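Each remark here refers to the structure printed beneath this line.
Position 1 is the first residue of the sequence, and the numbers go up from there. Source: prediction; values computed, not measured.
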Amino acid sequence: MPDVVGSYRNIMAQRWPNWWVNWPLTRVVAVGDIFVATSGRLVRAGDMTAGLSVRAGTSIPSFEHDSNGSVDITFAPAAGVADARMQAEIRFRRGDAMLVAYDGVTQVDVADATKVATTLLRRWWADDWDLDKVVVTSVVTASGGILLFGASESGGSVRLNARAGVGSGPFTVVDLAMKFDLDRSTARNDSWTVEACTPMFQVTRLKRTFLRRVVEDFGMSQGGLGAFPTDVPPALINYVGEHPEHVIDVLPPGEAPPESADDAAGAQSV
């Protein structure tokens with residue numbers, strides 16, 4: 001059985017090499033979301049969106065991948081349907097061929113890295129931030145997306161049906177994400193069509209080297225609730241404002257856990 005998720009991650013990493021690949025596609029990730037990132041899982045743990053501003057980054061009309069031409073797409077009226085609705089027949093020449101398409105792709109970033117660094121430091125100082133927590137500081141969003149994989153190891157095909165009212169075309173690959181639905185009689189369980197999705201994201205964490213220096217300079221350690229004074233020293237806050245890059249860093253794709261879970265039980269917005 002081909003590794004659908006692994007193949008998809010590799011495809012997306014070629015285009016966005018410094019980003020974490022979001023999976024499953026139905027999970028929406030936003031700037032400010034907090035996760036607990038361990039070696040095996042990524043679990044949602046609230047958000048810090050209050051007072052956090054964002055800015056739009058690079059946008060591209062669409063992203064398409066068809067395994068170097070190993071996917072054939074044919075649009076035609078559905079046979080035997082009264083309203084002559086269109087169908088799309090997707091044929092895969094290889095068992096590992098994959099069709100990936102995203103429409104309306106936009107990068108969104110946190111506007112002020114100093115705000116993130118200061119907030120995380122204050123929470124750590126108050127013993128309210130575990131070191132395995134990360135916060136999302138950039139996302140790549142799409143208005144719609146589709147991931148289709150061969151229906152058999154030798155290739156196979158998948159059919160999509162046009163939604164009511166979309167007309168007779170002409171259609172493009174990215175239209176499959178927004179104007180068609182999977183015909184589950186031919187689709188594999190790991191074929192997806194989604195709207196308002198988040199294909200990629202980046203997460204930030206406190207630098208452990210920086211925190212060790214703070215402990216050394218101030219003679220403190222996180223021994224438990226109340227171990228630190230209430231206020232962070234002004235000199236430390238000033239340093240964070242001038243050098244946020246010394247306080248937080250973006251985790252590379254290699255540190256992304258292989259599994260994810262939207263386990264928000266008990267999670268609170270902060």
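Checking Asp175 against Thr172 by side-chain atom types alone, a donor-acceptor pair falls below 3.5 Å. In the model, Ser138 has a side-chain atom that pairs as donor or acceptor with a side-chain atom of Asp109 under 3.5 Å. A donor-acceptor contact under 3.5 angstrom links the side chains of Thr137 and Thr204, judged on distance only.
In terms of the side-chain hydrogen bond (donor to acceptor under 3.5 Å, both in side chains) criterion, Thr118 has no residue partners (sequence neighbours excluded). With sequence neighbours excluded, the residues satisfying salt bridge (Lys or Arg N to Asp or Glu O under 4.0 Å) with Asp33 are Arg44. Residues satisfying the salt bridge (Lys or Arg N to Asp or Glu O under 4.0 Å) criterion with Lys133, sequence neighbours excluded, are absent altogether. In this structure, Glu64 has no side-chain hydrogen bond (donor to acceptor under 3.5 Å, both in side chains) partners at least two apart in sequence or on a different chain.
Separating the CG atom in Leu182 from the CG atom in Leu148 is a distance of 6.0 Å, to the nearest 0.5 Å. Atoms OG and CE, on Ser67 and Met98 in that order, are 7.0 Å from each other to the nearest 0.5 Å. For the atom pair CG of Asn22 and SG of Cys197, the computed distance is 8.5 Å after rounding to the nearest 0.5 Å. The structure places CG of Leu211 at 10.0 Å from CZ of Arg213, a figure rounded to the nearest 0.5 Å. Within the model, atoms OG of Ser7 and CZ of Phe149 stand 5.0 Å from one another, a figure rounded to the nearest 0.5 Å. Atoms CD1 and CG, on Ile90 and Leu176 in that order, are 5.0 Å from each other to the nearest 0.5 Å.
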Working for side-chain contact (heavy atoms from CB on, under 4.5 Å), residues Arg15 and Val100: CA-CA 12 Å; Arg15 175 60 178 82; Val100 181; over 6 Å; no

Please determine whether side-chain contact (heavy atoms from CB on, under 4.5 Å) holds for the pair Phe92 and Asp72, giving the CA-CA distance in whole Å, both sets of side-chain angles, and the decisive distance to 0.1 Å. CA-CA 7 Å; Phe92 303 91; Asp72 298 324; over 6 Å; no

With side-chain contact (heavy atoms from CB on, under 4.5 Å) as the test, would you mind laying out the steps for Gln107 and Val139 before giving the verdict? CA-CA 6 Å; Gln107 180 176 329; Val139 296; over 6 Å; no

Does the ring-ring contact (aromatic ring centres under 6.0 Å, His included) test come out yes or no for Tyr8 and Trp23, once each step is laid out? CA-CA 10 Å; Tyr8 171 72; Trp23 188 269; 5.6 Å; yes

Steps toward side-chain contact (heavy atoms from CB on, under 4.5 Å) verdict (Thr119, Met48): CA-CA 9 Å; Thr119 299; Met48 55 173 289; 3.6 Å; yes

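Side-chain atoms of Trp20 come within 3.5 Å of backbone N or O of Pro252 as a donor-acceptor pair. A donor-acceptor pair under 3.5 Å links the side-chain atoms of Ser143 to the main chain of Asp103, judged by distance alone. Although no hydrogens or angles enter the test, the distance criterion places a donor-acceptor pair under 3.5 Å between the side chain of Thr38 and the main chain of Arg41. With hydrogens and angles ignored, the 3.5 Å screen pairs a side-chain donor or acceptor of Thr198 with a backbone N or O of Val29. Side chain of Arg123 to main chain of Asp128: a donor-acceptor pair is present (N/O by atom type, distance under 3.5 Å, no hydrogens or angles). Within the 3.5 Å criterion, the main-chain N or O of Asn18 finds a donor-acceptor partner in the side chain of Gln202. No donor-acceptor distance shorter than 3.5 angstrom exists from the side chain of Asp66 to the backbone of Leu99, with no hydrogens or angles considered.
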For residues 160-167, tabulate all N or O donor-acceptor pairs below 3.5 Å that involve a side-chain atom, not counting sequence neighbours.
residue	atom	partner	partner atom	Å
Asn161	OD1	Gln87	NE2	2.9
Arg163	NE	Asp181	OD1	3.0
Arg163	NH1	Met178	O	2.8
Arg163	NH1	Glu195	OE2	2.7
Arg163	NH2	Asp181	OD1	3.2
Arg163	NH2	Glu195	OE2	3.2

Expected list for residues 240-251: side-chain donor-acceptor pairs under 3.5 angstrom, two or more places apart:
residue	atom	partner	partner atom	Å
His246	ND1	Tyr239	OH	2.7

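Transitive grouping of hydrophobic side chains (ILVMFWY, heavy atoms separated by less than 4.5 Å) keeps Val28 and Val36 in distinct clusters. Using a 4.5 Å cut-off between side-chain heavy atoms of Ile, Leu, Val, Met, Phe, Trp and Tyr, with links allowed through other members, Val174 and Val140 fall into different hydrophobic clusters. Tracing side-chain contacts under 4.5 Å through hydrophobic residues (I, L, V, M, F, W, Y), one reaches Ile34 starting from Val108; they form part of the same cluster. Under the 4.5 Å side-chain heavy-atom criterion for ILVMFWY residues, a single connected hydrophobic cluster contains both Trp192 and Val105.
Taking a 6.0 Å sphere around CG of Asn238, one finds it holds more than 12 heavy atoms contributed by other residues, nucleotides or ligands. In Arg91, the CZ atom is not crowded: 12 or fewer heavy atoms of neighbouring residues, nucleotides or ligands sit closer than 6.0 Å.
Heavy-atom minimum distance, Met12 versus Pro199: CE-CB, 4.0 Å. Closest heavy-atom contact between Asp231 and Trp125: O-NE1, 3.4 Å.
Contact of the Phe35 side chain with the Val135 side chain is not registered, since no non-hydrogen atoms from C-beta on lie closer than 4.5 Å. The closest side-chain heavy-atom distance from Trp129 to Arg205 is not below 4.5 Å. Residues Ile237 and Arg122 are in side-chain contact: their nearest non-hydrogen atoms beyond the backbone lie under 4.5 Å apart.
Classification of the Phe171-Phe75 ring pair by plane angle, with boundaries at 30° and 60°, yields tilted.
Aromatic rings of Phe63 and Trp16 (six-membered ring for Trp) have centroids within the 6.0 Å cut-off, being under it.
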